[in-house]
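Just below is one structure, and these are the notes that go with it.
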Amino acid sequence: MKVLSGLHTEYERFMQKDSARNGGQDGTENGGERRAPTGWRLGVDIGGTFTDLALEHGDGTFRSVKLLTTGAEPERAVLDGVAAACKAAGIGLADIRQIIHGTTLATNAMIERRGADTLFVTTEGFRDVLEMGSESRFEQYDLNIVKPRPLVRRARRLTVRERLDVNGKALIPLDEASVAPVLAAIAGERIESVAIGLLHSYANPAHERRLRALIREADPDLPVSLSCEVSPEMREYHRFSTTVANAYVQPAVAAYLRRLERALADSGFAGALMVMLSNGGLATLDTAIRFPVRLIESGPAGGAIYAADVARQTGAARAVSFDMGGTTAKICLIDEGRPQAARDFEVDRAYRFKRGSGLPLRIPVVEMVEIGAGGGSLCGVDGLGRIAVGPRSAGSDPGPACYGRGGGGATVTDADVALGRIDPAGFAGGTMLLNAAAAERALAADVGAPLGLDTATAAFGIAEMVDENMANAAREHAVEHGKNFEGRTLIAFGGCAPLHAARVADKLGIDRIVVPRGAGVGSAIGFLRAPVAFEVARSLYQQLETLDARAVGTLLAAMRDEAAAFVETAAGAPPEKVSYAAYMRYRGQSHEIVVPLPDALPDARPDPRSPQSWTDAVAAAYAAAYRRQYGPPIDGVPLEFVAWTVRAESEMDTAANRVEGAPDRDTSAAGQRRIVDTAGSGPVTARVFDRDRLRPGEPVAGPAIVVEAQTSTIVPPGFTLTPDAFGSLMLERVAEKPT
């Protein structure tokens, strides 16, 4: 396996802590830094095109590796990357105390329909809920609308006789005789996994648990997912869809994680192997295998955690993360150092930007928009004669045409080569020579010839189209959440984002960009910054005016204990922080907004520390949340609680490491390169700088290119770049924004 990135050497010196000043323990200048951990930790992110690894020691020493993903055997790239990182650091695998892993395996299995042969069991009369969905039309006037296809075909959806009411009371007890066809199907057909979703099981799990016991008696080794455990919330379509997804990917995820665990152990690893969850927290392997649906967005979540850490470090109270890799681009809004969170997510959308056109999942997730716009995104001309970019990708095999690995289709990376943004001889730190002629041939064939454009103009059009696609997705995402980009900082990472960040910022009206150190492996670094965290959700309908404080307090206490148990198992200590939230709405509304709750559990008595009672505090929090998202709150309308969430977490010990001045470093330009400024200046001569030789505080005026092993940062005319004290590149607009 060829390692595609250079291994950081200067970075080690940059990231060293001033141990004398901090006593070797605390890095603490802004009050938000925590004690540095001891020993080596490794973050591993498997993407659609590249597998990224970030190896870090508590003293600030850092190494990173980037390899092409091995799709058929994803663990092979992981093991090769681990070996390369250890070799660069001069350590053995036994010296690593923790490996944190994120993977697209679950996502790819759902999108490509390569999951387990799954049986879905539900309440009699509800067999077709997965087919019917919410009965809403996401495209009102499209007569040929394409709805998301269920993961389980109708023949594998069976029913049993039972019925609970909304409060969990058994109207019809589970008829165990009706389970016989289910057991017969398991015995006679090739069933690899079972999903059970009974009506109102979130209020009473007894029937689901008894049904699982009967199945386990027949086949003790068969994986069984219960909706009362996977997604114990109201709205059966979302609950059933999430449970089926969990069962669908469980065998493949479990097999992969166990293979990786054994392979690492055989190579000498004796530390803790942990997995990144979609909510930005870490969990044990056992938790990941039990709830693999929570891994769907694990890689992008790591990127959002990374961006949030950079936002805090650079003082960006309002930021937007821009993560553009080889296959997709991800955009996430970050406020006050925290990425936006949600409990609803869709995968495999039939219509790229249309909410409701994908399979709904009800899981805690970092809220972001993801589109098929990466370096490997294939480009062409659509039926209307327009340049089209993505969502299909050339992936890692064969990859873009310029890789010279057999790929013939034009991609965004080929366009970047033709525009001068990528040096064919310096790609991946010079370890991989790109074929510029092959890139130009592909661009001419797929875009130039059909539109009568020369190669340079075709490349220009591709760059503008992909940048506009990403900016448009960001605009829609912000509008959906009642937010905008005014005053925000764009945090760009991933192998391709620094190449496109300035133009995307132009389109969004953003004047400040941060390209953090290690941007090429941002998600893997984010894994090293993530807390050990677990979130529990439950449905319990309540009205604020008639709140049953005892029932709610009992529920939240039980949820707190459940979440804390997961965290304590993973972290080896009780959680440091527990937070509560509720999904609330005005009576008569059909959807809810999330509202943070007081740290204290509800009590009918006023809090002696506050003039407000618990319910008064919640009403005020709801009004504030409603105002942020929709505008002025509505007076006189009763409030309802629909669902409750509890998150327990233990922060990882990390320290922000300052870059010390290096007066002996040569910061002059290493050369020049002709690039095309897509904002309007056309071809310009850009000075080329080595990132590891830049001094903190010394500005570089555009046009310029700052190169490093895993990416390059384009500084167009009108921007000035200044390295900050933490090694981040700060791009500030000094001229009027182009149109």
Side-chain angles (χ1 to χ4, degrees), residues 49 324-329 352 371-427 432-473 495-497 499-504 506-507 673-686 703 705 712 714 716-717 738-739:
T49 304
M324 183 179 180
T327 305
T328 59
R352 291 170 65 188
I371 65 171
S377 293
L378 292 166
C379 309
V381 178
D382 65 15
L384 297 177
R386 302 172 301 184
I387 295 176
V389 179
R392 291 191 307 116
S393 172
S396 59
D397 188 11
C402 62
Y403 280 15
R405 295 166 56 90
T411 67
V412 174
T413 294
D414 294 312
D416 285 336
V417 169
L419 293 172
R421 295 172 171 176
I422 296 175
D423 178 8
F427 186 73
M432 183 176 180
L433 181 65
L434 299 185
N435 189 330
E440 292 180 357
R441 286 194 298 269
L443 294 168
D446 292 352
V447 176
L451 296 179
L453 304 175
D454 59 61
T455 302
T457 306
F460 178 95
I462 288 171
E464 273 292 277
M465 185 59 69
V466 72
D467 291 345
E468 181 57 36
N469 285 348
M470 293 183 291
N472 187 52
C496 292
L499 297 169
H500 293 259
R503 187 56 176 145
V504 172
D506 285 339
K507 293 175 179 291
R673 192 192 310 164
R674 293 286 284 177
I675 64 172
V676 176
D677 174 30
T678 56
S681 299
V684 296
T685 299
I705 307 172
S712 294
I714 301 298
T739 57

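The chain is numbered in sequence order, starting from 1.
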Could you give the distance from CD1 (Ile462) to OG1 (Thr678), rounded to the nearest 0.5 Å? 12.5 Å
Rounded at 0.5 Å granularity, tell me how far NE2 in His500 sits from CE in Met470. 6.0 Å
For Arg405, what residues pass the salt bridge (Lys or Arg N to Asp or Glu O under 4.0 Å) criterion, not counting sequence neighbours? none
Quick one: side chain to side chain donor-acceptor pair (under 3.5 Å) pairs with a partner in residues 379-394, sequence neighbours left out? Asp382-Arg386
Pairwise side chain to side chain donor-acceptor pair (under 3.5 Å) hits with a residue in residues 447-457, at least two apart: Asp454-Thr457
Qualifying residue for side-chain contact (heavy atoms from CB on, under 4.5 Å) with Val412, from Cys496, Pro400, Ser377: Ser377
Given side chain to side chain contact (heavy atoms under 4.5 Å, CB included), test Ile371 with Thr328 step by step and report yes or no. CA-CA 6 Å; Ile371 65 171; Thr328 59; over 6 Å; no
Could you measure the distance from the CD1 atom of Ile714 to the CZ atom of Arg503? Nearest 0.5 Å is fine. 14.0 Å
Intermediate values then yes/no, side chain to side chain contact (heavy atoms under 4.5 Å, CB included), Ile675 and Val684: CA-CA 6 Å; Ile675 64 172; Val684 296; 3.7 Å; yes
Residues passing the salt bridge (Lys or Arg N to Asp or Glu O under 4.0 Å) test with Asp416, sequence neighbours excluded, are Arg421
Which donor-acceptor pairs under 3.5 Å do the side chains of residues 432-452 make with protein atoms, sequence neighbours left out?
residue : atom : partner : partner atom : Å
Asn435  : OD1  : Ala437  : N            : 3.1
Asn435  : OD1  : Ala438  : N            : 2.9
Asp446  : OD2  : Ala410  : N            : 2.8

Minimum heavy-atom distance Val466-Ala463, with the two atoms named: CG1-O, 3.3 Å
If you look at every heavy atom in Pro398 and Gly407, which pair is closest and at what distance? CB-N, 3.4 Å
Locate the shortest heavy-atom distance separating Val389 from Asn469; write the atom from each residue and the value. O-ND2, 4.0 Å
Which atom pair, heavy atoms only, marks the closest approach of Ala471 to Lys507? CB-CB, 3.7 Å
Thr413 side chain vs Gly375 backbone, donor-acceptor pair below 3.5 Å: yes
Using modelled atom types and a 3.5 Å cut-off, is there a donor and acceptor pairing between side-chain atoms of Asp414 and backbone atoms of Thr411? yes
Check side chain to side chain donor-acceptor pair (under 3.5 Å) between Ser712 and all other residues, then give those that pass, not counting sequence neighbours. none
As an exercise, state the distance from CG of Leu419 to CG of Asp677, rounded to the nearest 0.5 Å. 10.5 Å
